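Below is one structure; the comments refer to it alone.
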Amino acid sequence: MASSDKKPYFAALRIHLANSWMFIAFFIGFFLFWEYAVVWFDIPRYILTPPSLIVEKGAADLDRLLYYTYVTGLETVLGYVVAVVLALPIGLAIAFSTILRRTIYPFLVCIEMVPKIAFAPLFISWLGFGLLPKVIIVFLVCFFPIVLNAILAFNSLSEELTRFARSTGASVWTTFLKIRLPAALPQCFVGFKYAAINATVGAAIAEFIGSDEGLGFYIQIVTGNMRPDLAFAGIFFLTLLGLALFGIVTLAERLLIPWHISVRRTAH
Amino acid sequence: MSTLIDLAGVTKVFGSGTGAVHAFGPVDMTIEDGEFISLLGPSGCGKSTLMLMIAGLLGITKGEITLAGRNVTGPQTDIGIMFQDNTLVPWRTVRGNIDLQLEMRGIDPASREEDVEELLRSVHLEDFQQRFPHELSGGMQQRAAFCQAMVHRPKTMLLDEPLGKLDAMTRENIRKDLQSLWMQKRPTVIFVTHSIEEAIQLSTRVAVITPRPGRIERIIDIDLPFPRDFDVKSSPEFTAYVRETQEIFRNYGVI
């Protein structure tokens, strides 16, 4: 104890390790409990399967799972990228135009109240079972958090920096590039990250409603066939997909705004 | 010395109709070239409002401000401003933040390299130029902000309580540097503060401002030798100026 007082760095490391070990132990414990509870409580296999069986059966069906991960991944990434590409300029336009702020902005806030997923059956019926309706639904889920955060981001420059910029006599464009844009990035990333978490939800639900491939389709079919083991394998890959997208966005955040406090805090 | 800034009947009213708030004025004052004048008053007396009007960053309701012979109708660019909350951006280093002032004005920072180096040395930041603002203490941040406000060689500097958030010892230290820089370069400085001692130590003249609505109650010439070091500050003359100023605020019921 006395030595850790002298070396606060090691004390911090030890606390960090202690916390991590607790988490890892809990994680392992959770799966062990799951594994044996299925046997102890004699739960039928068509209701719930132990994790070991999920791994085994999932591995046996790996080809299909990987292909469907690719299908769902493509829908997710396309919808997400289109959302980012459209939401940023629209958010920017609304932030800087009084007319747009009084017309389109309240409209967007109203639409935001509507659960976008509720549109999914309509889009499927309009556009069929292919890739496009899924991309549109992912887009709808991602677009609003990105655009609303972008508007907030571009509207919240401090009064001091606004005055500083005016006092230099710099053009609107120079002010935008050198001050407004970098200052807005942290808030924009709040939207990017929120959208990244929800993107796979949109893709999966769209596939539930009408699809002949993809992880959502897979989960629905195998559940119908009383195969919870394969359903969990599908959920596992869907989770991986979501984590990968979130990881890429977080990496981009670290590269683009290493100076921001949210990044500095998690960097250690 | 010639007149640099002329205020004639300057008045500021916020809002209109029954909700209008008469914040400041009418005020008449002239500021000479190379002067160090303090706007001294309690919080909310309108001294920052006056400073922003001189900078052309806030509209004047009534009256006229002339800066270097020209009517102030929009943002003035031949000034350096330091705000209470500094304008250092977190994504640039100290050096980058100083360069930002130049880049915004379309000046190539490479052409001012020696200027920047000298400025950094004069505020003792030469070893910290590659640090980010969050890595610096509050006092160092204000020193960096000072360099940012001065790097484009403005003839007039507007400093809005630049030392307001610092501890007493750091304030004392930066005041000293501020004074020697002013003595060296002799820009015209308008210094907003609520510290009586600070105003008297730094200024050639102190404009005492009383609130609701903000008005210049008296302008006191501070006839003390520069640099005003510890000896000057403990002199009876200095104390007399402090007393005179305190008297005004006491009569007004501010203190």
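In what follows, chains carry the letters A, B, and so on, assigned in the order in which the sequence lines appear, proteins first and then strands, with residues in each chain numbered from 1. In this text, all values refer to a predicted model and were calculated from it rather than measured experimentally.
If you tally non-hydrogen atom pairs under 4.5 Å between each of I81(B), I79(B), L100(B) and chain A, the highest count goes to L100(B). Of all the listed residues (I257(A), T174(A), I179(A)), the one sharing the greatest number of non-hydrogen pairs under 4.5 Å with chain B is I179(A). Note: P182(A) leads P182(A), S158(A), G169(A) in heavy-atom pairs under 4.5 Å with chain B.
More than 12 heavy atoms of other shown residues, nucleotides or ligands fall within 6.0 angstrom of atom CZ in F176(A). Atom CE of M22(A) is surrounded by 12 or fewer heavy atoms from other residues, nucleotides or ligands within 6.0 Å. Within a 6.0 Å sphere centred on CZ of F119(A), heavy atoms belonging to other residues, nucleotides or ligands number 12 at most. More than 12 non-hydrogen atoms from other residues, nucleotides or ligands lie less than 6.0 angstrom from CG of L255(A).
Residues in residues 33-70 of chain B take part in these ring-ring contact (aromatic ring centres under 6.0 Å, His included) pairs, two or more places apart or across chains: F36(B)-W182(B), F36(B)-F191(B).
Only the side chain of L52(B) comes within contact range of chain A, judged by heavy atoms closer than 4.5 Å. Residue H152(B) does not touch chain A at all, counting heavy-atom pairs closer than 4.5 Å. Both the backbone and the side chain of L57(B) come within less than 4.5 Å of a heavy atom in chain A. Only the side chain of Q148(B) comes within contact range of chain A, with heavy atoms under 4.5 Å apart.
Residues T87(B) and L161(A) share a closest heavy-atom pair of O-CD2, 3.8 Å. Of all the heavy atoms in M104(B) and A170(A), the pair that sits closest is O-CB, 3.2 Å.
Taken from CZ in F164(A) to CG in N86(B), the straight-line distance is 11.0 Å, to the nearest 0.5 Å.
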